[in-house]
**Q** 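After the structure tokens below, expect a handful of questions from me.
Letters go in sequence order (proteins before strands), and every chain restarts at 1.
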Protein chains: 2
Amino acid sequence: MSAPAKTASSIKDVARAAGVSVATVSRVLGNGPVSEALRKRVEDAVRATGYRPNLSARRLRSQHSQTVGLVVSDIRNPFFTAVSRAVEDAAYHAGMRVILCNSDENPEREELYLRLMQEERITGLIFAPTRATLDRLDRLDLEFPVVLIDRNAPAGRHDAVVLDNPQAAAMLVDHLHARGYRRIAGLFGNTSTTGAERHEGYRAAMAAKGLVPAARFIAPYADAAEEAVERWMADADRPEAFVVSNSLFLMGVVKAARRMGLSIPGRLAVAGFDNEPWTELVGPGLTVIEQPVQEIGRSAMALLFERLEQPDRPTRRLVLAGTCVVRGSTGARLEAAD
Amino acid sequence: MSAPAKTASSIKDVARAAGVSVATVSRVLGNGPVSEALRKRVEDAVRATGYRPNLSARRLRSQHSQTVGLVVSDIRNPFFTAVSRAVEDAAYHAGMRVILCNSDENPEREELYLRLMQEERITGLIFAPTRATLDRLDRLDLEFPVVLIDRNAPAGRHDAVVLDNPQAAAMLVDHLHARGYRRIAGLFGNTSTTGAERHEGYRAAMAAKGLVPAARFIAPYADAAEEAVERWMADADRPEAFVVSNSLFLMGVVKAARRMGLSIPGRLAVAGFDNEPWTELVGPGLTVIEQPVQEIGRSAMALLFERLEQPDRPTRRLVLAGTCVVRGSTGARLEAAD
DNA sequence: AGCCGATCTGTAATCGTTTTCAGTTGCCGA
DNA sequence: TCGGCAACTGAAAACGATTACAGATCGGCT
């Protein structure tokens, strides 16, 4: 049984063990030109000493960190969970590492992490910023390329990958309209640009159908949605259907409906965003917009790599379409209802 | 408008701008003894140059990486998602960074990441290993402390935080028994030690009640559970209830029940693990064991820090109890059934 | 024999920090 | 006036790698 090395061995130890210079060891490791005999001696020495290169030293010298940052609001948001997997996979295949940070929609924490990213000298950043940070992003003079995801400025100085939010929201409205619903309410998050974009799509689609939009903006929690629905459904002008801008709200709506004894879709139809596995299982199944999460993560990394190769190419903004997954929660409206 | 710095400024640039030596700059940054006058000059220079310390250099010199590794099978598993948040928060408060890796239950990928951890010279690792790696973990001679989570060797050389899996599984069996169920089947994952432990608890509890255990081991996917249930429920000796060892299987059971038109709990009761938000919303609500995920993450970090302070203190194994959240999916058995 | 070029190897500089050690001040008391 | 001490500051040596440059060896050619 080998005694655990007290301290990691360095390239010098390997050089000494092999009876060569550190340059030779480095060359063996980096595929430089080395004679077969020495190469073998060095490789044996590497095994014998249990040598592992020190990445800090390597990065310092080479000025490449081989690291991408990923800053999102909360990894527990399933959208970001999925995107992070795609990003991590892409990084893995490119031989890079990922540093993951949760900003909690908190600009201070976000700022701290941006500073960290600079200190890490990351190769690039994939970023879902808060509104506040998005506004001052151009003034920040970051030293690495940034690819925005999910949130996004209209015509930014940065590459971006986003869902076509207005169109997606409109799809939901159109679908509900086709199923016979007219009084369609909207619940949107009040912190992100995403909520705003989806609201805009909702508003436009309603107008196009000659319906009156009725939107409320709430904090991004299920509870907030539950409360909003309960209050709203007690009103005289209660809606027949809800379009909501994320899966937390979807939960809130279902909970409220259950508590008030309103059947879905009999008394209340629902449609929302994010095709999570459980949306299929709840009640009659929930109609949702499915985001191409894999592709969003992959494309973000792809844009990042393109930018690294051609730093001066014009900014690109990738707008991906969502797909509407129709389920029971938007079943045809019963004329008898109400 | 300031032109973007072509290259990050180093401590030398600051020193030059402030007209002092680099040592002084370093002391200002690190709260060393510096006169007020110079401190001010340096701080101004730092602002003027937009200086950010280079963490690679700092780590190389100080030999502290201030980084913890987190290697789990898949961040999309909600248990790990939640744990990762707790870990990240703890790290954030301790001024440390987190490197997140997904092993996909793949020993090769796991090995690659363990190597990476060594090259990063991480401060410590929080690790949910595959069975294969768990077995040879002692022979790996890692140079940093490891805290195991979720999976775990009986009496290892490493600290660990785990759920009391046998007891938790037994709680589910006892609960179902109390509700009148007798033919209680079990579905367990065939890759992790967790599945094995939960099976053991299930087996023991069944035996204690004088019931015959009937367990099957399946691949860790919802589809596998769905298929297993469909086949099993077509048998002559079909169970009245299922105990399943994770939330993916829970989904599989619900899907199968729905497809076969079996009402829950009328024709089929279900209980499982992981109190995810949606388990409340599916059907009559699903009875589950809730793991103290926050505490698991926090405790893992706490154990890590203790170990760093006292490298030689005896290994500790924290066993946390789950709580049984009772919902409609295990409603009292109808005598009329069958 | 002498020269050239190809091929390998080693020396030493470098990346950006921290930290030791050795000054350099200025102040105080004698 | 001078020694001594405290308080600060700077020069230089690490940390562990990569790499430009130069030196060594050797075969082949004239």
**Q** Tell me whether Glu111(B) is salt-bridged to Arg136(B), with the criterion being a basic N under 4.0 Å from an acidic carboxylate O.
**A**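 The answer is yes: the pair qualifies as a salt bridge.
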**Q** Using the side-chain contact (heavy atoms from CB on, under 4.5 Å) rule, take Leu148(A) and Val146(A) through it: C-alpha gap first, then chi angles, then the decisive distance, then the call.
**A** CA-CA 6 Å; Leu148(A) 299 173; Val146(A) 176; 4.0 Å; yes
**Q** Under the rule for side-chain hydrogen bond (donor to acceptor under 3.5 Å, both in side chains), what residues qualify as partners of Lys40(A), not counting sequence neighbours?
**A**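 side-chain hydrogen bond (donor to acceptor under 3.5 Å, both in side chains) list for Lys40(A), sorted by chain: Asp44(A).
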**Q** Show your reasoning for whether side-chain contact (heavy atoms from CB on, under 4.5 Å) applies to Val20(A) and Val34(A).
**A** CA-CA 11 Å; Val20(A) 299; Val34(A) 182; over 6 Å; no
**Q** Looking at every non-hydrogen atom in both residues, tell me the closest pair between Arg41(B) and Gly19(B) and how far apart they are.
**A**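 The pair with the smallest heavy-atom distance is NH2-O, 3.4 Å.
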**Q** For the pair Arg115(B) and Glu110(B), evaluate salt bridge (charged side-chain N to carboxylate O under 4.0 Å, His left out) and give the outcome as yes or no after the intermediate values.
**A** CA-CA 9 Å; Arg115(B) 198 150 51 219; Glu110(B) 208 168 45; over 6 Å; no
**Q** On DNA chain C, compare the nucleotides closest to Val34(A) and Leu60(B); which residue's is nearer the 5' end?
**A**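 With Val34(A) and Leu60(B) compared, the 5'-side residue is Val34(A).
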**Q** Can you sort out which residues in residues 114-122 of chain A have a heavy atom within less than 4.0 Å of DNA chain D? Ascending by number, please.
**A**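 None - not one residue of the stretch has a heavy atom sitting under 4.0 Å from the strand.
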**Q** Taking any atom closer than 4.0 angstrom to a non-hydrogen atom of chain B, what span of DNA chain D does the protein reach, first nucleotide to last?
**A**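 Contact span on the strand: dC8(D) to dG16(D).
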**Q** What closest approach, in Å, do Phe144(A) and Thr123(A) show between heavy atoms, and which atom pair accounts for it?
**A**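 Shortest heavy-atom contact: CB-O, 3.9 Å.
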**Q** Checking Glu88(B) against Leu100(A) for the side-chain contact (heavy atoms from CB on, under 4.5 Å) test, could you report, in this order, the C-alpha distance in whole Å, the side-chain angles of both residues, the deciding distance, and whether it holds?
**A** CA-CA 9 Å; Glu88(B) 213 253 357; Leu100(A) 171 68; 5.8 Å; no
**Q** Taking all heavy atoms of Arg131(B) and all of Thr191(B), pick out the closest pair and write down the distance.
**A**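 Shortest heavy-atom separation between Arg131(B) and Thr191(B) comes out as CD-O, 3.6 Å.
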**Q** Under 4.0 Å, heavy atoms only, any strand: does Arg27(A) hit a base, just the sugar-phosphate, or nothing?
**A**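 Base contact.
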**Q** Which comes earlier along DNA chain D counting from the 5' end, the contact point of Pro33(B) or that of Ala57(B), where each point is its nearest nucleotide?
**A**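 Closer to the 5' end of DNA chain D: Pro33(B).
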**Q** Nucleotide range of DNA chain C contacted by chain A, 5' to 3', under 4.0 Å to a heavy atom?
**A**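 Counting from the 5' end, contacts occupy dC8(C) to dG16(C).
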**Q** Are Thr133(A) and Thr130(A) close enough, and set up right, to give a side chain to side chain donor-acceptor pair (under 3.5 Å), and what steps lead you there?
**A** CA-CA 5 Å; Thr133(A) 303; Thr130(A) 62; 3.2 Å; yes
**Q** Looking for any heavy atom pair under 4.0 Å, which part of the strands does Arg39(B) touch: base, sugar-phosphate only, or nothing?
**A**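 Nothing, no nucleic acid heavy atom in range.
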**Q** Walk me through it: do Glu120(B) and Arg59(A) pass the test salt bridge (charged side-chain N to carboxylate O under 4.0 Å, His left out)?
**A** CA-CA 11 Å; Glu120(B) 291 277 5; Arg59(A) 293 205 260 256; 2.7 Å; yes
**Q** Walk me through it: do Arg316(B) and Glu306(B) pass the test salt bridge (charged side-chain N to carboxylate O under 4.0 Å, His left out)?
**A** CA-CA 10 Å; Arg316(B) 230 156 78 189; Glu306(B) 284 178 31; 3.3 Å; yes
**Q** Would Arg39(A) and Glu36(A) satisfy salt bridge (charged side-chain N to carboxylate O under 4.0 Å, His left out), going step by step from the backbone distance to the final call?
**A** CA-CA 5 Å; Arg39(A) 174 178 300 276; Glu36(A) 263 320 302; 3.7 Å; yes
**Q** One thing to verify: whether Asp312(B) and Arg307(B) come together as a salt bridge, which I'm taking to mean a side-chain N less than 4.0 angstrom from a carboxylate O.
**A**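 The answer is no: the pair does not qualify as a salt bridge.
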**Q** Have a look at Leu38(B) and say if it touches a base, only the backbone sugar-phosphate, or nothing, with a 4.0 Å heavy-atom cut-off.
**A**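 If one applies the 4.0 Å heavy-atom cut-off, Leu38(B) turns out to touch the sugar-phosphate alone, with no base involved.
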**Q** Would Arg85(A) and Asp74(B) pass as an ion pair if we require N to O under 4.0 Å?
**A**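 Salt bridge flag = yes for Asp74(B) with Arg85(A).
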**Q** Going by number, which of residues 11-24 of chain A have a non-hydrogen atom under 4.0 Å from DNA chain D?
**A**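 The stretch gives Ile11(A), Lys12(A), Ala23(A) as the residues lying under 4.0 Å from the strand, ordered by number.
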**Q** Between the opening five pairs and the closing five pairs of the helix from dA1(C)-dT30(D) to dA30(C)-dT1(D), how far apart are the helix axes, to 10°?
**A**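 Computed angle between terminal axes is 70°.
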